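To keep things clear, I will list the structure first and then write my remarks on it.
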Amino acid sequence: MADLYDEMRNSVLEGDEELAIELAEKVLTEKGNAMMAMNEGFLNGIQEAGRLFEDGEYFLPDLIFAADALKSALRVLDSELKKNEGESVKSKKIVLATVQGDIHDIGKTIVGTMMTANGYEVHDLGADVKNEEIIRAVKEIKPEIVGLSALLTTTMEEQKNIITMLEEEGIRNTVKVIVGGAPVNQNWADKIKADGYSDNAISAVKLADELTA
Ligand code: B1M
């Protein structure tokens, strides 16, 4: 199994979309564990690509190819990952978005997938979503939770701005705000008065459950 996870990691690292799809399909046909394939295989590839990018060994196109390979594998595994793990349908709504100015959507998509798998009604607004659009969605959809992802130190600031806008609109206490993304941490969440922070998709579901219990 370790070899297969290595192959998955390498397919992303090398931006080999065809191989990533093939390996993801293999998980389905051989009834493997899609979650393990993601966590132990494909996601390790993107982490390593990010490290190489930071070290100047990878350039933007390398990162783009790696991300495309990961997204293709994610698409193949999506329905398997979304399978309800026996939990009853919660019928709670969550509006999810990557904040404006930020096009990183992989982590946010995985959070959405896990929320769906656990019975949440997910309204995924996408990436680089204007603050105003998020406020409008909160007003129209009236979700229990709004989840804001940010991957850049520059765009984290938008999480704070959105909370301020919710306050200004008088709707801050109608919704729980959870924040996440690589540069975000608990200190930041406390500082901007978010209701919660989580560093991965599984704990994001637990957090949502706790906040809406
Ligand atoms: Co970008 N990028 N990137 N990038 N990229 C980072 C974030 C960076 C850390 C890379 C690096 O330098 N090491 C760096 C940011 C530096 C900083 O701000 N401190 C960076 C940069 C600089 C940039 C550009 C500015 C590069 C450039 O143009 N010169 C540019 C930004 C463009 C923009 O947004 N305006 C850019 C572009 C890109 C690509 C397009 C090539 C691609 C994105 C493709 C896509 O998403 N469609 C990309 C990628 C792939 C990365 C890295 C390598 C991987 C991100 C990722 O998908 N990780 C990233 C390096 C890294 O993070 N180590 C990097 C996998 C994903 C599953 O993890 O998103 O962390 P993550 O999500 C996790 C948790 O964080 C958490 O759960 C998820 C699942 O476990 N989580 C939440 C996430 N959101 C959550 C929300 C929650 C709860 C939990 O509640 C709501």
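Nothing fancy with the numbering, it's 1 onward along the sequence. Hydrogens, waters and symmetry mates play no part in the numbers below; they use all other heavy atoms, side chains included. Just so you know, ligand 1 is whichever comes first in the structure, and atom 1 is the first atom listed for that ligand. Please read these numbers as outputs of a predicted model, since none were measured by experiment.
For atom 10 (C) of ligand 1, the protein comes within 4.0 Å by at least one heavy atom. The protein does not reach atom 39 (C) of ligand 1 closely, with no heavy atom under 4.0 angstrom from it. The protein does not reach atom 52 (C) of ligand 1 closely, with no heavy atom under 4.0 angstrom from it. Within the 4.0 angstrom cut-off, atom 36 (C) of ligand 1 has one or more protein heavy-atom neighbours. At a distance under 4.0 Å, a protein heavy atom can be found next to atom 86 (C) of ligand 1. Using a 4.0 Å threshold on non-hydrogen atoms, atom 21 (C) of ligand 1 counts as touching the protein.
Where the criterion is an N or O separation shorter than 3.5 Å, residue side chain and backbone included, Lys108 fails it with respect to ligand 1. For the pair Gly101 and ligand 1, the shortest N or O to N or O distance falls below 3.5 Å. Between Thr154 and ligand 1, not a single N/O pair is under 3.5 Å apart. At least one N/O-N/O distance between Ile103 and ligand 1 falls below 3.5 Å.
The backbone and the side chain of Ile64 each have at least one atom closer than 4.0 Å to an atom of ligand 1 (non-hydrogen atoms only). Proximity of Thr153 to ligand 1, defined as any heavy-atom pair under 4.0 Å, is shared by backbone and side chain alike. Contacts of Thr155 with ligand 1, taken as heavy-atom pairs under 4.0 Å, are absent altogether. Residue-level proximity to ligand 1 for Lys71 is carried by the side chain, the only part with a heavy atom below 4.0 angstrom.
Regarding atom 88 (C) of ligand 1, its nearest protein heavy-atom neighbour is Ser198 OG, 3.5 Å. Of all protein heavy atoms, the one lying nearest to atom 58 (N) of ligand 1 is Ile46 CG2, 3.8 Å. If you check which protein heavy atom lies closest to atom 25 (C) of ligand 1, you get Leu152 CD2, 4.3 Å. In terms of protein heavy-atom proximity, atom 74 (C) of ligand 1 is closest to Asp199 O, 3.4 Å. Ranking the protein heavy atoms by distance from atom 3 (N) of ligand 1 puts His104 NE2, 3.0 Å first. Looking only at protein heavy atoms, the nearest one to atom 7 (C) of ligand 1 is Leu151 O, 3.4 Å. Protein heavy atom in closest approach to atom 83 (C) of ligand 1: Gly181 N, 3.5 Å. Of the protein's non-hydrogen atoms, Leu60 CD1, 3.8 Å is the one closest to atom 26 (C) of ligand 1.
Counting non-hydrogen atoms of other residues, nucleotides and ligands closer than 6.0 Å to NZ of Lys160 gives a total of 12 or fewer. The number of heavy atoms from other shown groups lying within 6.0 Å of CD (Glu57) is above 12.
Closest heavy-atom approach to atom 45 (C) of ligand 1 among the candidates Ile94, Asn39, Asp105: Asp105. When the heavy-atom distances from atom 73 (C) of ligand 1 to Gly107, Ala204, Ser149 are ranked, the shortest goes to Gly107.
Close approach of ligand 1 to Ile178 (heavy-atom distance below 4.0 Å) involves ligand atoms 90 (O), 91 (C). For ligand 1, the atoms lying closer than 4.0 Å to a non-hydrogen atom of Gln47 are 63 (N). Within ligand 1, the atoms closer than 4.0 Å to a non-hydrogen atom of Leu43 are 67 (C), numbered from 1 in the order shown. Listed by number with element, the atoms of ligand 1 under 4.0 angstrom from any heavy atom of Ala201 are 77 (O), 79 (C), 80 (O). Those atoms of ligand 1 with a heavy atom of Ile110 less than 4.0 angstrom away are 67 (C).
Side-chain contact of Gln47 with Asn44: a donor-acceptor pair under 3.5 Å is absent, judged by distance alone.
In summary, Glu48 and Arg51 engage in a salt bridge, as defined by a charged side-chain N under 4.0 Å from a carboxylate O.
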- Query: Is there a salt bridge (Lys or Arg N to Asp or Glu O under 4.0 Å) between Asp209 and Lys92 once you walk through the steps?
  - Reply: CA-CA 10 Å; Asp209 285 351; Lys92 287 176 190 161; 5.5 Å; no
- Task: Would you please test Arg172 and Ile163 for side-chain contact (heavy atoms from CB on, under 4.5 Å) and show each step?
- Result: CA-CA 7 Å; Arg172 173 67 184 92; Ile163 291 176; 3.7 Å; yes
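No option in Leu152, Val129, Thr154 other than Leu152 meets the side-chain contact (heavy atoms from CB on, under 4.5 Å) test with Asp102.
Residues Ile46 and Tyr5 share a single hydrophobic cluster, defined by chaining ILVMFWY side chains whose heavy atoms lie under 4.5 Å apart.
Atom CG of Leu23 sits about 5.5 Å away from atom CE of Met8, to the nearest 0.5 Å.
Contact record, Ala97 with Lys108: C-CG, 4.0 Å, taken as the closest heavy-atom pair.
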